Amino acid sequence: MLHLTEDQSRQFAEQVLAAAGRPEVLAAVGEIYTRVQAEIDARQPVCQISGRCCRFESFGHRLFVTTAEMAAFRRQLPVPAPAAIRWDGTGCPYQIAGRCGVHGIRPFGCRIFFCDATSTAWQQAQYEQFHAEIRSLHGRFEIPYFYVEWREAIRAVGV
Ligand code: SF4
């Protein structure tokens, strides 16, 4: 969902906070992220660490996150959150001086996206495979599935 209604936003936040209290959800999301990284290590797409892909408006794309991923992120987010520093509402609030301030706990969409044109087909295949796995966690753990634009998710959960 690109935009949440007030009611959807409240429901999403409630479900994220409930799931964030469940270590098994964090472990399952983390296990998938570990396998995502193994695929990245095997393929080695190029990242120039330009930070452009995190400036969504200028780059022209959006990042989406699921309920379970947001719960894992919320649970591991350091306090105070880097987002609390300052944010003008554009780009990602966790990008600090061109770098990701939450690199170790960033969501799947951040992990699998590379602007390396030679990896586009590989990325799409990986996205579909791992997103399906992440989605299946919602059934396994009986967590309502939301698929929410990253900044909408951040605002809803208040991180
Ligand atoms: S969480 Fe990190 S990698 Fe993801 S968009 Fe924000 S700054 Fe970029």
Side-chain angles (χ1 to χ4, degrees), residues 1-4 9 12-13 15-17 19-20 25-120 122-135 137-138 143 145-159:
M1 298 174 193
L2 204 50
H3 299 295
L4 296 173
S9 180
F12 175 66
Q15 296 301 332
V16 165
L17 293 177
V25 175
L26 177 64
V29 171
E31 188 275 328
I32 292 175
Y33 287 175
T34 298
R35 286 189 287 111
V36 169
Q37 189 58 50
E39 293 294 335
I40 293 168
D41 291 345
R43 172 59 174 75
Q44 298 192 349
V46 175
C47 174
Q48 298 174 340
I49 318 180
S50 65
R52 290 186 305 123
C53 59
C54 308
R55 297 191 287 274
F56 305 116
E57 285 76 13
S58 58
F59 197 84
H61 72 167
R62 294 292 184 271
L63 163 67
F64 288 79
V65 67
T66 61
T67 320
E69 288 173 87
M70 199 63 190
F73 180 83
R74 173 68 183 80
R75 186 178 174 94
Q76 298 175 97
L77 190 66
V79 176
I85 295 171
R86 199 177 297 163
W87 184 31
D88 67 1
T90 64
C92 178
Y94 297 110
Q95 188 181 46
I96 300 168
R99 298 291 185 95
C100 178
V102 289
H103 185 76
I105 61 171
R106 69 201 188 286
F108 168 59
C110 303
R111 293 168 190 263
I112 203 65
F113 181 80
F114 293 85
C115 60
D116 175 357
T118 71
S119 74
T120 301
W122 168 83
Q123 280 180 66
Q124 287 174 348
Q126 296 300 315
Y127 192 92
E128 286 175 21
Q129 177 195 322
F130 284 110
H131 177 74
E133 287 197 41
I134 292 169
R135 182 169 187 152
L137 296 181
H138 295 77
I143 300 167
Y145 174 79
F146 284 84
Y147 188 60
V148 179
E149 197 272 334
W150 181 225
R151 281 85 51 87
E152 287 280 315
I154 290 169
R155 290 190 191 94
V157 178
V159 287

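Quick caveat: nothing in here was measured; it's all calculated off a predicted structure. Computed from heavy atoms alone, side chains included, the values below leave out hydrogens, waters and symmetry copies. When a residue number appears, it is its place in the shown sequence, counting from 1. Each ligand, and each atom within it, is numbered from 1 in the order the structure gives.
Note: Phe59 and Phe113 have perpendicular aromatic rings, judged against thresholds of 30 and 60 degrees for the angle between ring planes. Ring-plane geometry between Phe56 and His61 is classed as tilted, the angle between the planes lying from 30 to 60 degrees on a 0 to 90 degree scale.
Atom 2 (Fe) of ligand 1 has as its closest protein heavy atom Cys100 SG, 2.3 Å. Counting only heavy atoms of the protein, atom 6 (Fe) of ligand 1 lies nearest to Cys92 SG, 2.3 Å.
Below 4.0 Å from some heavy atom of Cys54 lie the following atoms of ligand 1, by number and element: 3 (S), 5 (S), 7 (S), 8 (Fe). Numbered from 1 in the order shown, with element, the atoms of ligand 1 that lie under 4.0 Å from a heavy atom of Val102 read 1 (S). Of all atoms in ligand 1, listed by their number and element, those nearer than 4.0 Å to a heavy atom of Gln95 are 7 (S).
Checked against the 6.0 Å centroid criterion, the rings of Tyr33 and Phe130 do not qualify as a close aromatic pair.
Note that SG of Cys100 and CD1 of Ile105 are 8.5 Å apart. Values are rounded to the nearest 0.5 Å.
Look at Arg35 and Glu39 and you find no salt bridge, because none of the NZ, NE, NH1 or NH2 atoms lies under 4.0 Å from a carboxylate O.
If you check each of Cys110, Gly51, Pro107, Cys53 against atom 3 (S) of ligand 1, the one with the closest non-hydrogen atom is Cys110.
Counting only heavy atoms from C-beta outward, the side chains of Leu137 and Val25 never approach each other to under 4.5 Å.
Only the side chain of Phe56 comes within 4.0 Å of ligand 1, counting heavy atoms alone; its backbone N, CA, C and O stay farther away.
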